[in-house]
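Order of appearance sets the numbers: ligands from 1, and atoms from 1 within every ligand. This chain uses plain numbering: 1 for the first residue, then up along the sequence.
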Amino acid sequence: MNRKDVQVLTESEAGRELAELAVRLARADYDYHTLSDPELTDSEYDRLKRRNQRIEDRFPHLKRRDSPSDRVGAPVSPSFEKVIHARRMLSLENAFSEDEIRDFDSRVRAYLGFEPSDSLDYLAEPKVDGLSLSLRYESGELVQAATRGDGETGELVTANAFKIADVPVKLSSEAPAILEVRGEVYMDHADFETLNERQLRRGEKVFANPRNAAAGSLRQLDPRITASRPLRFFAHGWGDVSAPLAETQSEALARLHGLGFRVNTLGKACDGLDALICQYRTIASSRDSLGYDIDGVVYKVNALDLQERLGYRTATPRWAIAHKFPAETAFTRLNAIEIQVGRTGALSPVARLEPVTVGGVRVSNATLHNADYIAGRGSDGQPIRDGRDIRVGDRVEIYRAGDVIPKVKDVDIDARPEASSAYVFPDVCPECNSDAVRDEGDSVTRCTGGLVCPAQAVERLKHFVSRSAFDIERLGNKQIERFFAMGWVKEPADIFTLENRHGPEIADQDGWGKKSASALCEAIRTRRTVSFQRLIFALGIRHVGESASSLVARHYRSIDELVAAVDAMASRNGPDWDDLIGVDGIGEVMASSLVAAFQGESRTAIDRLRAKLDLVQDAESPRTGESRIAGKTIVFTGTLERMTRAEAKSRAEAAGARVSGSVSARTDLVVAGTGAGSKARRAEELGVELIDEDGWLSLIDSPP
Ligand code: IVH
């Protein structure tokens, strides 16, 4: 290879050498990361890389698209191409006790109008602790693979999926023309151990548990790395399909098995609650000998027509639930109690712990909930832990349930140091010194600093950019803290003017460069268009979480309609207020908090933000063109004979209608079952259209 001084290279020599270096360094990366058999020494490698950089510096226009200087180490990158799922990838409701499973079974029966004695089949199968993957086949060929992402948008990992031995690349001719198979990518224990030994030998990252190893191996920009990792896949469901797979979940899985997918052999159809619990125990007792991690058992209503009737809530199906295994626990020392101030001003006590491993994860912080919890009282004022309080210096028991934040469960009172004293909860905000108060009946102590409290402002901003909110890549907690401290970003609107005001300076910050700064600005620009639901959620309004935001968005459809309604309800009464609290799932507390956020000073901040956005997309009305009730506001009253109220409501919503609990001038239609009373009369007074159950059935069954 050319060893001439870079300063005397001609342009054509430089071009040739850059091409050679690209090949040579790519080969070296492959040897190193994938084959773990590097030919070049580290210093040789570094020397070639530096030379490549110097040539590029001298001839910037010759820089190649596959330039080695754009590749850093093992290419794990947050920047996968995004893909919108044809059908959303949902998650599961979690339950931890048999009582909760009994509730689930009762809710399913109530919804469907089944008696407790009616036979009702469920499929019970292990909940494998991995990450979900959606595989799209067209005419039997694997054309796309995507991770779950936020459920709506996932990351394209097609090239990587081709490298997983359990993923069939081609299906037999019996497969539906379009078939999206969904399942879990995971790693067996033995393979995980071997992988970690290999990583250790090579001085590379050792994974904390098989789940992390599976996720890290699938989310690789270089599919050759995925290929070198022992990933497994089993199918547990499907998304988009051009023709129904079967009539039941278990037959559908058998069909997928026939098409070449692995399905879990511990899946079993169970009639009723007792059979479910029995299968839960069977699976739990085989947990240690499976050779891979499972964290519970999933129950799914087996008949697919019943699944369809049951449908979905905002983020989870009504027809399935995860019965999780009890969380693992561990003992460690409580070194300190610190107070964090949240975006709504809540003072949250956090336990700083002597690090300990719980359920395969290293834990050094855990939540202590609130003052009562530390003192040994429940939210009802009754003793918990037999009234034992928690003190700094105590030996405490920690647990982790699923992916959630670790919690302090109990305290070993016998191990308490002699000179310890009860914890005194602060009565001022540790961040802004404003009074911290606890309202009557509230378990939480709150900072009263409101807009002057910097901690609240920072937490609101972190929430604003988070994944379920504006999802601004490259603007994580650390960056928000930095930009806030520098006075560059004080409120959400400032994020969208950051580029104009400080664009060039960002690149000069520690840990930033031109490339990452421009990627950040680009990421911000792409978020100037946002869905109505995300906008509501991003505002971080107290009591208005993700599912409430979705209810609000579906109810009002557009931000302008919401704003108009709020403006019309200066006092908490009148038809617009009744309309809001008539939405199933929105209570007075939530409604008050929402309305308050759209008034006064916080409203002006929202207006400033809106002025910086290109578009707030209206909530979609599902299947509009196909339905005669799309966009209408419907009230159900009285008893329906042929479907339960719950089912009627979700059918109406699925057809694009909004369902309200109270009749007002904004109501379009009242469906009166038998025994309908005051609401039907009110509809007549207001001249709102009134129909009976037969009228309702023909309305939803007939095309527009
Ligand atoms: S069914 C509509 N079955 O658990 C969602 N999920 O907490 C249907 N999972 O995202 C999911 N094993 O990745 C289903 N046997 C199983 C599963 C399973 C693991 C994962 C799945 C899902 C997550 C929900």
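With atom 22 (C) of ligand 1 as the reference point, the heavy atom nearest to it among V185, L90, D129 is part of L90.
With a 4.0 Å cut-off on non-hydrogen atoms, P126 touches ligand 1 through its backbone and not its side chain. At a 4.0 Å heavy-atom cut-off, ligand 1 touches V298 through the side chain alone. The proximity of M89 to ligand 1, defined as any non-hydrogen pair under 4.0 Å, does not occur for either the backbone or the side chain.
Screening residues 274-288 for salt bridge (charged side-chain N to carboxylate O under 4.0 Å, His left out) gives E98-R281 as the qualifying pairs, with residues at least two apart or on separate chains.
At the shortest separation from atom 21 (C) of ligand 1 among protein heavy atoms lies E184 OE1, 3.2 Å. Of all protein heavy atoms, the one closest to atom 23 (C) of ligand 1 is K127 NZ, 3.8 Å. Atom 3 (N) of ligand 1 has K300 NZ, 3.0 Å as its closest protein atom, hydrogens excluded (heavy atom only).
Shown in contact with S132 at under 4.0 Å from a heavy atom are these atoms of ligand 1, numbered in order with element: 10 (O), 13 (O). Here is the list of ligand 1 atoms found below 4.0 Å of a heavy atom in P317: 2 (C). For ligand 1, the atoms closer than 4.0 angstrom to any heavy atom of L92 are 6 (N), 7 (O), 24 (C). Annotation for ligand 1: atoms under 4.0 Å from non-hydrogen atoms of E125 are 3 (N), 15 (N), 16 (C).
For the residue pair S97 / E100, a side-chain donor-acceptor distance below 3.5 Å is found, with atom types taken as modelled.
Enclosure of atom NZ in K268 is not indicated, since only 12 or fewer non-hydrogen atoms of other residues, nucleotides or ligands lie within 6.0 angstrom.
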